[in-house]
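Note sheet for the following structure.
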Amino acid sequence: MVYLDHAATTPVLPAVVEAVAEAMAVGGNPSSVHSAGRAARSRIEEARELLAALLDAHPSEVLFTSGGTESDNLAVTGLFQARHRADPARREILLSGAEHHAVLDAADHLAATGAARIRRLPVDRNGRVTRDAFADAAAERPDRIALASVMWANNETGAVSDIAALSAIAGAAGFPLHTDAVQAVGTLDVDFARSSAAALSIAGHKLGGPGGTGLLLLRRDAALVPLQHGGGQERGLRSGTLNVAGAVGLAVAVEEAVTRRAVRAAEYARLGRRLIDGVRAIVPDAELTGSDPADQAQLPGVVHLRFPGCESETLLMLLDAAGVECSAGSACTAGVTRASHVLLAIGLDEPAARSSLRFSLGHTSSDADIDAVTAVIGEVVRRAKDANAKRTNARAQHVSPLLTGSPR
Ligand SMILES: Cc1ncc(COP(=O)(O)O)c(C=O)c1O
């Protein structure tokens with residue numbers, strides 16, 4: 001199979017498998033005071049220091065979590081509660097409709113309890129929050145804002161926002177900014193100190209690290225109310241016995257991601273360009289969402305294409321049958337396919353949003369993968385268009401009796 005769904009998850013790196021297996025064989029609870037505990041603690045602290053150095057954070061700013069969803073929930077809920085408790089007039093959460101559900105739903109939950117109010121930030125046609133739009137929002141009653149959350153890079157379109165510029169605006173207006181950098185580390189230069197964000201989320205499995213690992217980088221001066229209560233680990237902000245092997249594996253994955261970043265980004269941009277050109281040479285009406293893969297406001301490894309007259313689910317299944325795994329710009333919930341909230345947020349209509357595919361490149365991607373897609377895409381699109389036309393006809397025949405008042 002050709003795997004072009006690295007933004008969903010990417011294969012674990014061999015060096016990570018080795019490091020995790022070695023750490024698991026040793027054991028020990030890092031909170032214990034005996035030798036085994038101290039040995040586990042020193043592994044955790046080594047991993048923390050390495051991660052801090054790679055991401056330009058202080059070691060005390062590195063909190064280990066179970067992944068992107070937990071980091072996002074902890075940041076949005078914890079920053080909100082700390083700010084709102086300190087000043088009850090601060091109730092607003094600024095975010096765009098293109099955020100990941102881990103951010104959107106955490107904020108929605110706070111709004112449903114009556115504590116928070118959500119203020120939507122507009123996005124451009126690729127899913128970016130622009131500096132001007134953010135500055136306008138921050139200028140409007142900044143004393144009511146508890147926090148903003150803006151993703152560094154969008155997981156569907158690959159659009160990259162200028163987080164350092166947005167953080168500077170948030171800082172000047174007096175509220176913290178959290179950024180979901182789950183898709184950014186690995187191909188973009190993610191420097192926590194330089195970004196000046198108050199908090200930043202990372203997920204291990206997007207980088208070739210172990211599943212169920214992640215980080216929340218939290219600035220030392222950022223107040224945060226914990227979600228989990230218990231043993232007081234991680235400065236009391238994330239209780240729970242630490243996952244030593246996970247932390248060790250995550251550090252190895254981030255080290256490889258950061259040290260190979262520039263080479264990989266250039267390679268993904270080249271492969272991405274080949275993919276776009278190759279597909280459009282065969283399917284001329286295919287439309288690109290986002291910018292050129294070499295554009296600095298675009299993740300080089302994410303190619304999002306729309307195929308007018310096709311349904312993404314059909315394309316996905318036909319490609320899978322032809323040996324290519326990628327992802328649709330839609331989510332299937334309880335058997336009903338719905339257009340992705342991100343694509344609707346950037347202004348696509350339902351049919352356009354439901355005709356898209358996301359190909360995402362990663363450390364195993366090669367020219368052969370691109371050749372495999374271009375070898376089958378013409379036939380796949382032709383069959384998907386046929387299926388869609390038949391479905392539309394069948395629907396028309398089914399509704400016409402109702403429209404004509406037939407008793408059927
Ligand atoms: C941008 C973004 N944020 C958060 C998440 C959630 O991360 P995790 O799968 O580690 O919970 C994902 C994963 O799909 C993502 O792409």
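Indexing begins at 1, ligand by ligand and atom by atom, following the structure's order. Nothing fancy with the numbering, it's 1 onward along the sequence. Quick caveat, the model's predicted, so the values are computed rather than measured. Worth knowing before you read on, the calculation uses all heavy atoms, side chains too, and leaves out hydrogens, waters and symmetry mates.
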**Request:** Specify whether His6 and His363 have parallel, tilted or perpendicular ring planes, treating 30° as the upper limit for parallel and 60° as the lower limit for perpendicular.
**Result:** perpendicular

**Prompt:** What residue and heavy atom of the protein are closest to atom 16 (O) of ligand 1, and at what distance?
**Reply:** Gln183 NE2, 2.8 Å

**Request:** Give a yes or no answer on whether the side chain of Ser32 reaches the backbone of His34 with a donor-acceptor pair at less than 3.5 Å.
**Result:** no

**Message:** Using the side chain to side chain contact (heavy atoms under 4.5 Å, CB included) definition, which of the options Arg306, Glu287, Glu311 pairs with Ser355?
**Reply:** Arg306

**Asked** Any side-chain heavy atom of Arg119 sitting closer than 4.5 Å to one from Glu140?
**Response** yes

**Asked** At a 4.0 Å threshold, what atoms of ligand 1 neighbour a non-hydrogen atom of Met151?
**Response** 1 (C)

**Asked** Quick one: which ligand 1 atoms are inside 4.0 Å of a heavy atom on Asp72?
**Response** 3 (N), 4 (C)

**Request:** Answer yes or no: is there a donor N or O on one side and an acceptor on the other, between the side chain of Asn154 and the main chain of Ala98, under 3.5 Å?
**Result:** yes

**Request:** Spell out, as yes or no, whether a donor-acceptor pair under 3.5 Å connects the side chain of Ser195 to the backbone of Phe192.
**Result:** yes

**Item:** Distance-minimising heavy-atom pair for Arg235 and Glu61
**Value:** NH2-CA, 4.3 Å

**Request:** Name the closest protein heavy atom to atom 7 (O) of ligand 1, giving the residue it belongs to and the distance to 0.1 Å.
**Result:** Gly68 CA, 3.4 Å

**Asked** Should Lys206 be listed as contacting ligand 1, given a heavy-atom distance under 4.0 Å as the test?
**Response** yes

**Message:** Out of all atoms in ligand 1, which are within 4.0 Å of some heavy atom of Ala203? Include the element for each.
**Reply:** 10 (O)

**Message:** Using a 4.0 Å cut-off to any heavy atom of Thr69, which atoms of ligand 1 qualify?
**Reply:** 6 (C), 7 (O), 8 (P), 11 (O)

**Prompt:** Who's the nearest protein heavy-atom neighbour of atom 3 (N) of ligand 1, and how far?
**Reply:** Asp180 OD2, 2.6 Å

**Prompt:** Where the closest heavy atom to atom 5 (C) of ligand 1 is concerned, which of His101, Glu70, His100, His205 has it?
**Reply:** His100

**Prompt:** Any idea which atoms of ligand 1 are less than 4.0 Å away from a heavy-atom of Gly67?
**Reply:** 10 (O)

